[in-house]
Each structure stands twice: as structure tokens, then as C-alpha cells.
Colleague: 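So that we are looking at the same thing, I have put the structure below in C-alpha cells.
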Amino acid sequence: MSTATAQKPKLKTSAMIASIAGEGQRTVAAPFGHALVKLAAERPEVVGMTADLAKYTDLHIFAQAYPERFYQMGMAEQLLMGAAAGFAHEGAMPFVTTYAVFATRRAYDFMHQTIAEDDLDVKIACALPGLTTGYGPSHQAAEDLALMRAMPGMTIIDPCDALDIEQMVPAVAEHKGPVYMRLLRGQVPLVLDEYDYKFELGKAKLVRDGRDVLVISSGIMTMRALEVAKALEADRVDVAVLHVPTIKPLDTSTILREAGRSGRLVVVAENHTTIGGLGEAIATALLTAGVTPPFRQIALPDAFLDAGALPTLHDRYGISTNVMASTIKNWLG
Amino acid sequence: MTANRARVAEHAYRIRRNALRMGEVQGQGYIAQALDIADVLAVAYFNAMRFRPEDPDWEGRDRFLLSNGHYAIALYAALIEAGIVPEEELETYGSDDSRLPMSGMASYTPGMEMSGGSLGQGLTIAVGRALGLKRKGSDAFVYTLFSDGELDEGAIWEGLMSAAHHKLDNMIAIVDVNNQQADGPSSQVMAFEPLTEKMQAFGWFTQRIDGNDLDAVIAAFDAARNHPLAQPRMIIADTLMGCGVPFLEAREKNHFIRVDAHEWQLALEALEAGRNQA
């Protein structure tokens, strides 16, 4: 090999806040925080609330712009959800932030009873969704979608990149009712601007067409799927990517239309355990409709995940671009 | 007896009677709690709160959040007495398609501000409502009733701490201390005393009263509303399970009461007898 000194890629830290952006990838700083500031200028009912994680959910941008509309509730997620419900009862539109694990695991009953049952206009934005931190199972929200899908009346969004987030914020404000949003924070990759894409609540979007494989994905896995598609071009494998940013309600008509086109391997890719997430939702939709293409899942295992550097873990659990590309190639035979 | 006290006492009597009549419909229920909290509800609805019976969602109303949803029978009794729920619906209590389910739910019942049932949530919702009212410039109060058993729940303490932190002087919380929860006396299930000192230490203006002494309840609500400092207000009300019906007061296991068919009439008669003595 000419590059004998093949350098080991520099592994990123296993610290809680690890960037999901690849080397040299284009990024946007704090898209959620800036989008919320923009929204708040037009919507006086918007308030921001957090459980001691404003700085780590990009809500500090909002807090700086609108200090009188920012409410610090302390490290108390049950209180955060209950108080957001009370605020919404009084006509406000709270955007509340914490980490996905703390909202879904710790304050589930409060979201269920105080927010969802009363169909309140509370928008819950949760950082570190799926496997986006190497800090260990305490902070890895591998099962958040399963929990939230089971909650009646909850709209669930899993954005891919900064563009998705910027467009999602005003869209969820237009939507009446509670919303759970997976949140990418800090330096967030910008990917979808290269494609003719616009976020629409409840809509799946075919970002790229292809003959051989249809990857149906949400969140950062759409970014990975697009990278895989580029990588597999060299092997003359033509990959289509259907981005599903709204997990619930699911855009089954678009999914059925694309999955029903014959001859393609259907791969659902999600940053979530195989249990109860996008894969199972789509499998149910396909079987119910009698559409049965060859079907595979790329997802996290049903296990407590390791601590470590994110690139290592994404390789280990098969959701990195490289491993995903080779997995799909093997499936094609 | 002042005319005002007599008026409120009559409402308290009628709230108890409404609750017993609903209990009779199902033959069981959280009757002892309804009887113990009737005086507090009578004072809340007939001597303290602003509301419009014909418009339960009137923006200027004081909010009353029933955190302990299993006390719904008590609140229904008060809502009927207040004219917010028609008296004829009393007979539907706990039945299919009734607006009066056994556990209080906001979407079912006019005047019900929250869905209880999962304990320890009311105070957190009240915090948000109080913040929201302040932001709107409203001078309405948020009342929250929860029970001593709910003190077991961690979220109560999150709510207590945050209400003081945010200086929510528009919040008035009432703890019903009847020392009875599902597994036995509250003080044995999870010790919570000294409660007054704890509430004061958490930054609340705190009064502890006999919750079945109508004069004391009236005075406590007045003091809570008129307290001059920027802090939330707590009324700890020691109450007697089954209050007003001596043979129910005497029952040892009265967290969830089943009353034999013939006893309902006896209970109503005992209540009536007590009223005449008052």
C-alpha cells in the first residue's frame, strides 16, 4: 500500500457530549436554539423550560434572547413535565428540554398523564437520542422511540440534520398537541441542503432514488444512508433513501408506495433498538397491507450498550457508514 | 355563630350529603376522605374562590387542582353544590358514560382542572399554572389539594422547592393529613413529620389547622390569600376520616369504604343529626 503509515483515525472522546459530525463535515451551531429564537419572535406564547440542561440542549440561545420567557426548573424532570402542562393550560406553548433518557425513562408518567392525556401544546425536545453519547447506558436513549410510540396522542419526530431541525421547530408549533422531538445539539451536521428536501410534519420524503436497495431511515441514520448510497455507487449498487422524520403518525402511504416497488431490498435503519422503533412500525404497516419485500433491520441491539468513543460504538453496533455499507452489500450477496 | 359561618357550614353539610348519596350509587368509595375534606372544600368554593358556575372555564377564575384523583367524589359533591355540575348527574356517579368517573379526570367533568389518579402530580402542574398566570398578569390563585400519602412521592418535593424558588405567591396548597393511606397509617407507611417545619424550611408560608374546625379553615384561607410576602402558601389540614358520620369515623379500615346497603340511610341520618346539633 502506498499509504503505509495508514493513520488510525483519531477516536473521539467517550465523554457525554461527543460530536456526531464526521471529520470535515459541514455543520451548523445550535440550530434548535436559533430556530426557537426565530419562532419566539413571531409567537409570544412560546416559553422555554429546562431541567438544568439549557446549555446542553442549545436552549441557552433562547434563554439569552428571551430571559423573561425562560424558566429553569432545576434537575427535576417530573416537575419539568408537570409544570409545562400547567403552563400550557394557561395558554403558553412550552418548549421543554432535557436529555432523552430523563424525559422518557424518568418522567414518562408525567408526560403521559399531565401532558398527553390532556392533549396539551407542549413540545418536548430531547438531546442525546439513541446512541449519540458514549457515556454509557445512563445517558444512551436506545429505547426512547419505543416508549414514546406507545403513548397515545404523542407526535414523534426524529430529525436528520440542522436543516431538518430548523424547519421542524416552526412546524411543530403549527401542530396542535404534544410533540416529542429527538434533538441534535451543538455542532449539528448539515446534509439535506444538497437534496431537494423540505421538512413536512407527518411526511416521509424520498431523498434519493435507486434501483437495488431502499433504505428507510430516520434521524442521523438518514445521513448515514446517504453516505452509504454514495459509497456503494462505486460497487454499482443503487441505493434509494426514504427519510422518515415523523415516526408517529407514520406516513404509511409513502412507505407502502416505495416498499411496494418490486425488486428492491428494503432496509430500515434507525438509531434505536430493534424493539419498538421505526423498523417494527414499518414491518407492521407492510404486513398489514400485504406488502412483503425482502426486509432487513439495521438498529441497535437489545442490550445495555457499551461506554466508549462514539465512532467505536457506531462501528461495533453496525450503524457507522462503513459497517452499514458492508452489511447491505452482504445482504445483496 | 356568624351568618357567614352558618352559610359555609350548610354548604359543608350538603357536600357531605352529596358524597354519601353518590357513594350509595356504587355501594363503595372513598367516602371517608370526602367526609374529612368537606369543610375545606366548602370554604374553598363558598368563602375563598372566585368562579362562575355557568362558565367553569371563565378566565378570571381561581383554579382548583385536585391532585388526589381518588377524592373525586368529594370534589363532585362540591361542584354539584356550587352549581357547576347539575345535581341530577349525582345518580350517574361511577357509571358508564357518566361525566363523574370514580377517579377525577379533567376531560370528563366541568370544573375539574386536572386528571389525578397518578399521585404526586398536582403540585407540579400547579407550579406551571402559577407561572403561566403570572406571565399573563392574572391575579387568580391556584389552589392545590393533595394528601399526606402523596408526600411519599418525590415530585411533591420538586414542586415544593420550585414554588418557593419562583416566589409563587399565587399558589395555595392544602395537604389533607388524615393519616390514612392504602397500606395503613401514613405516618407508618412513610414518616413525614414534622411537616410544618419541613414546609417552612422549604420556603412556604405555612399554617397548620384542624381541617374540620370551620372557623380555623376560614381563617387559614383568609390568611393564605392575604399573606404579604412573595412566597407560596401552605395549609396543613389535620382531618378526621369519616368526619360527620360517627360510625364511619370509628372504623379502623376506612381508606376505601364499603358500606352495606342499609348503612347508607343510617349514615345520612347520622349526618343530619350532627347538623342539627351544630
Side-chain angles (χ1 to χ4, degrees), chain A residues 40 43-52 66-96 98 102-103 105-124 151-153 177-178, chain B residues 57 59-65 67 69 101 103-109 112-138 140-144 146 150 153-168 170-171:
Chain A
R43 303 286 291 256
E45 70 272 33
V46 167
V47 296
M49 307 173 79
T50 193
D52 192 31
Y66 292 99
E68 75 288 356
R69 288 160 70 175
F70 168 72
Y71 295 86
Q72 175 59 264
M73 303 314 292
M75 204 191 309
E77 292 77 17
Q78 300 183 119
L79 167 70
L80 174 70
M81 299 304 172
F87 228 136
H89 274 297
E90 296 303 338
M93 184 189 290
F95 277 71
V96 309
T98 179
F102 303 138
R105 300 203 306 242
R106 199 160 203 151
Y108 191 83
D109 185 37
F110 283 68
M111 287 192 284
H112 189 283
Q113 280 307 112
T114 73
I115 295 171
E117 197 201 336
D118 285 340
D119 195 28
L120 293 173
D121 246 347
V122 177
K123 318 303 177 187
I124 303 161
M151 191 178 290
Chain B
D57 297 325
E59 175 60 25
R61 75 193 184 282
D62 293 326
R63 281 68 167 155
F64 187 92
L65 274 62
S67 183
S103 184
M105 286 189 275
S107 56
Y108 280 59
T109 316
M112 186 69 77
E113 300 275 9
M114 65 167 281
S115 295
S118 181
L119 295 173
Q121 297 186 332
L123 199 60
T124 69
I125 302 173
V127 166
R129 286 208 155 202
L131 288 170
L133 287 169
K134 278 190 173 295
R135 185 156 185 265
K136 286 193 280 194
S138 167
F141 279 102
V142 182
Y143 290 83
T144 316
F146 61 99
E150 290 189 86
E153 295 281 1
I156 289 282
W157 303 92
E158 296 178 6
L160 289 171
M161 201 149 72
S162 69
H165 173 82
H166 289 289
K167 298 184 168 52
L168 298 178
N170 54 349
M171 261 182 84

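Numbered from 1 within each chain, the chains take letters A, B, ... in sequence-line order. Worth saying up front: this structure is predicted, and the values here are computed from it rather than measured.
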Colleague: Specify whether His166(B) and Tyr71(A) have parallel, tilted or perpendicular ring planes, treating 30° as the upper limit for parallel and 60° as the lower limit for perpendicular.
Modeller: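 If you compare the ring of His166(B) with that of Tyr71(A), the planes turn out tilted.
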
Colleague: Of the listed residues (Val142(B), Leu133(B), Val127(B)), which shares the most heavy-atom pairs with chain A below a 4.5 Å separation?
Modeller: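 Max contact count across the listed options: Leu133(B).
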
Colleague: Find out whether Val122(A) and Thr114(A) are in side-chain contact, i.e. whether some heavy atom of one side chain is under 4.5 Å from a heavy atom of the other.
Modeller: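 Counting from C-beta outward, Val122(A) and Thr114(A) never come under 4.5 Å.
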
Colleague: Kindly indicate, with the supporting measurements, whether the criterion side-chain contact (heavy atoms from CB on, under 4.5 Å) is fulfilled by Met112(B) and Met105(B).
Modeller: CA-CA 7 Å; Met112(B) 186 69 77; Met105(B) 286 189 275; 5.9 Å; no

Colleague: Any chance you could lay out the side-chain contact (heavy atoms from CB on, under 4.5 Å) test for Arg69(A) and Arg135(B), step after step, and finish with the verdict?
Modeller: CA-CA 9 Å; Arg69(A) 288 160 70 175; Arg135(B) 185 156 185 265; 3.5 Å; yes

Colleague: In terms of heavy-atom proximity below 4.5 Å to chain B, should Asp109(A) be classed as side chain, backbone, both, or neither?
Modeller: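 Backbone plus side chain of Asp109(A), per the 4.5 Å heavy-atom cut-off to chain B.
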
Colleague: What residue, out of Met114(B), Lys136(B), Met161(B), has the most heavy-atom pairs lying under 4.5 Å from chain A?
Modeller: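 Looking at each of Met114(B), Lys136(B), Met161(B) in turn, Lys136(B) comes out on top.
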
